[in-house]
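To start, the structure under review is shown below, and the notes come after it.
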Amino acid sequence: MRKKIALIGGGQIGQILAMIAAQKELGDIVILDIPELENPAKGKALDLMEMAPHGNYDAAITGSSDYKDIAGADVVIITAGRPRQAGMTREDLLAVNLDIITKVAAGVKQYAPQAFCIIVTNPLDAMVYAFYKLTGFPRNQVVGMAGTLDTARWRAFIAMELGVSVNDVAGTVLGGHGPDMVPLPRLTTVGGVPLTEIATKEQIDKLATRTREAGTEIVKLFGKGSAFFSPAWSAIVIAESYLKDKRRVLPCAALCQGEYGVKGLFIGVPVMIGAKGMEKVYEIKLNDEEKAMLQKTVGVVQKTVEETKL
Ligand code: A3D
């Protein structure tokens with residue numbers, strides 16, 4: 001039997017998620033949006049069914065506004081919520097998106113209580129925390145997609161700067177999904193060669209700053225809304241690792257229970273995603289400078305989480 005993927009939110013990211021999931025034949029797909037947008041969700045689903053003959057995939061893709069239709073989903077990816085507009089911080093979205101996540105959590109809890117859940121809605125670290133609290137799902141069943149994207153951006157910028165294949169750039173970004181996130185140049189390599197040996201300090205600082213501000217750079221260019229291709233692919237990578245038990249090690253917002261000195265918060269850390277969901281948090285021995293940077297981003301996440309009052 002095919003797997004089932006429920007996409008809560010059928011906007012910019014939701015529609016790209018549906019397209020990639022179909023092309024990768026990850027399973028049947030339900031795109032769920034609010035009743036006012038049920039027909040656009042149905043329209044996007046139908047359009048994707050009509051793309052199948054040339055896209056070469058078999059998948060049933062449907063649109064809905066009724067949570068009954070997500071029943072039995074193996075994976076739920078949540079993008080429901082407002083995106084940033086130019087001049088906004090992610091935190092500016094807290095009140096409006098908390099209200100949306102509260103409704104989404106109730107629907108998912110009722111109809112897909114076994115699903116592995118990937119949250120994308122911003123402010124990410126607070127929204128994944130809220131979803132976890134509101135559903136009461138176990139820790140391994142809920143992650144936030146942010147580090148996977150932040151690391152993709154870090155890798156892309158390094159490849160662009162050095163003129164090398166992005167496939168050979170490996171590294172990770174820790175912390176909250178905001179301008180205080182922590183790229184780790186010390187542990188970044190290009191085909192096994194340490195980044196710190198082939199790039200100057202000035203280049204590395206510039207790349208780290210661009211990574212921290214990458215979402216804002218796109219928001220400014222778009223003028224309306226935020227990034228959607230790269231966030232969608234980043235969420236798909238997590239979903240695929242779960243569905244196929246690939247056991248990939250990806251930076252995700254995971255509930256820390258003492259790791260990195262953090263307790264009870266979702267923070268971007270390297271985790272292993274397998275058939276049981278978020279199976280393991282990997283702890284990196286950080287140097288003092290990295291520890292201080294992580295502490296700063298944790299403080300920012302803590303403050304936003306407190307505002308959820310959950
Ligand atoms: P957008 O194109 O506006 O799509 C959001 C969709 O959610 C719309 O179709 C809404 O109708 C729908 N929606 C609103 N309320 C509900 C509800 N109660 N139930 C179901 N659907 C609902 O936004 P987008 O797709 O560009 O972005 C979605 C979210 O992802 C935003 O909060 C962004 O800030 C966030 N985002 C996060 C990242 C990360 O890296 C974490 C990156 C980019 C965007």
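When a ligand or atom number is given, it counts from 1 through the structure's own listing order. In what follows, residues are counted from 1 in the order of the sequence shown. Bear in mind that the values here come from a model prediction, so they are computed numbers and not experimental data.
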(message) Using salt bridge (Lys or Arg N to Asp or Glu O under 4.0 Å), reason through K303 and E91 one step at a time and then give a plain yes or no.
(response) CA-CA 10 Å; K303 196 168 158 284; E91 285 70 23; over 6 Å; no
Atoms in ligand 1 with a heavy atom of [X] nearer than 4.0 Å:
X	answer
N97	32 (O)
L37	9 (O), 11 (O)
I100	14 (C), 15 (N), 16 (C), 17 (C), 18 (N)

Nearest protein heavy atom with distance in Å, relative to [atom]:
atom	value
atom 39 (C) of ligand 1	H177 NE2, 3.3 Å
atom 23 (O) of ligand 1	P83 CG, 3.6 Å
atom 32 (O) of ligand 1	R82 O, 2.7 Å
atom 42 (C) of ligand 1	P231 CG, 3.7 Å
atom 19 (N) of ligand 1	I34 CG2, 3.8 Å
atom 10 (C) of ligand 1	D33 OD1, 3.4 Å
atom 1 (P) of ligand 1	Q12 N, 4.0 Å
atom 4 (O) of ligand 1	G11 CA, 3.3 Å

Show the atom names and distances, to 0.1 Å, of all donor-acceptor pairs under 3.5 Å that link a side chain in residues 1-13 to residues at least two apart or in another chain.
unit_1: R2; atom_1: NH1; unit_2: D28; atom_2: OD1; d: 2.8
unit_1: K4; atom_1: NZ; unit_2: D69; atom_2: O; d: 2.9
unit_1: K4; atom_1: NZ; unit_2: A71; atom_2: O; d: 2.7

Quick one: look at [X] and ligand 1, take heavy-atom pairs under 4.0 Å, and tell me if it's side chain, backbone, both or neither.
X	result
A227	backbone
D150	neither
M145	both

(message) Among V298, V269, L255, V281, which residue satisfies the side chain to side chain contact (heavy atoms under 4.5 Å, CB included) criterion with V262?
(response)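 Exactly one option meets the side chain to side chain contact (heavy atoms under 4.5 Å, CB included) with V262, and it is V298.
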(message) Does atom CD (E306) have a neighbourhood of more than 12 heavy atoms from anything else shown, all under 6.0 Å?
(response)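 Yes, enclosed.
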(message) For atom 30 (O) of ligand 1, tell me which residue out of L124, V104, I13, D125 has the closest non-hydrogen atom.
(response) I13
(request) Would you mind finding which of A80, G268, G14 brings a heavy atom closest to atom 21 (N) of ligand 1? (result) A80
(message) Test: ring-ring contact (aromatic ring centres under 6.0 Å, His included). Region: residues 217-255. Which pairs qualify, not counting sequence neighbours?
(response)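 Pairs touching residues 217-255 that pass the test: F116-Y242, F222-F228.
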(request) Could you tell me whether N122 and ligand 1 have an N or O pair separated by under 3.5 Å? (result) yes
With side chains defined as the heavy atoms from C-beta onward, is the minimum distance between [X] and [Y] less than 4.5 Å?
X	Y	answer
V76	V104	no
I267	Y260	no
I119	Y132	no

(request) Look at the side-chain heavy atoms of Ile, Leu, Val, Met, Phe, Trp and Tyr, link any pair under 4.5 Å apart, and say whether M49 and L17 land in one connected group. (result) yes
(message) Yes or no: does S226 have any heavy atom under 4.0 Å from an atom of ligand 1?
(response) yes
(request) Determine, stepwise, if the pair L93 / R84 fulfils side chain to side chain contact (heavy atoms under 4.5 Å, CB included). (result) CA-CA 7 Å; L93 299 167; R84 279 194 289 166; 3.8 Å; yes
(message) Quick one: does any side-chain atom of D245 pair with a main-chain N or O of A275 as donor and acceptor, under 3.5 Å?
(response) yes
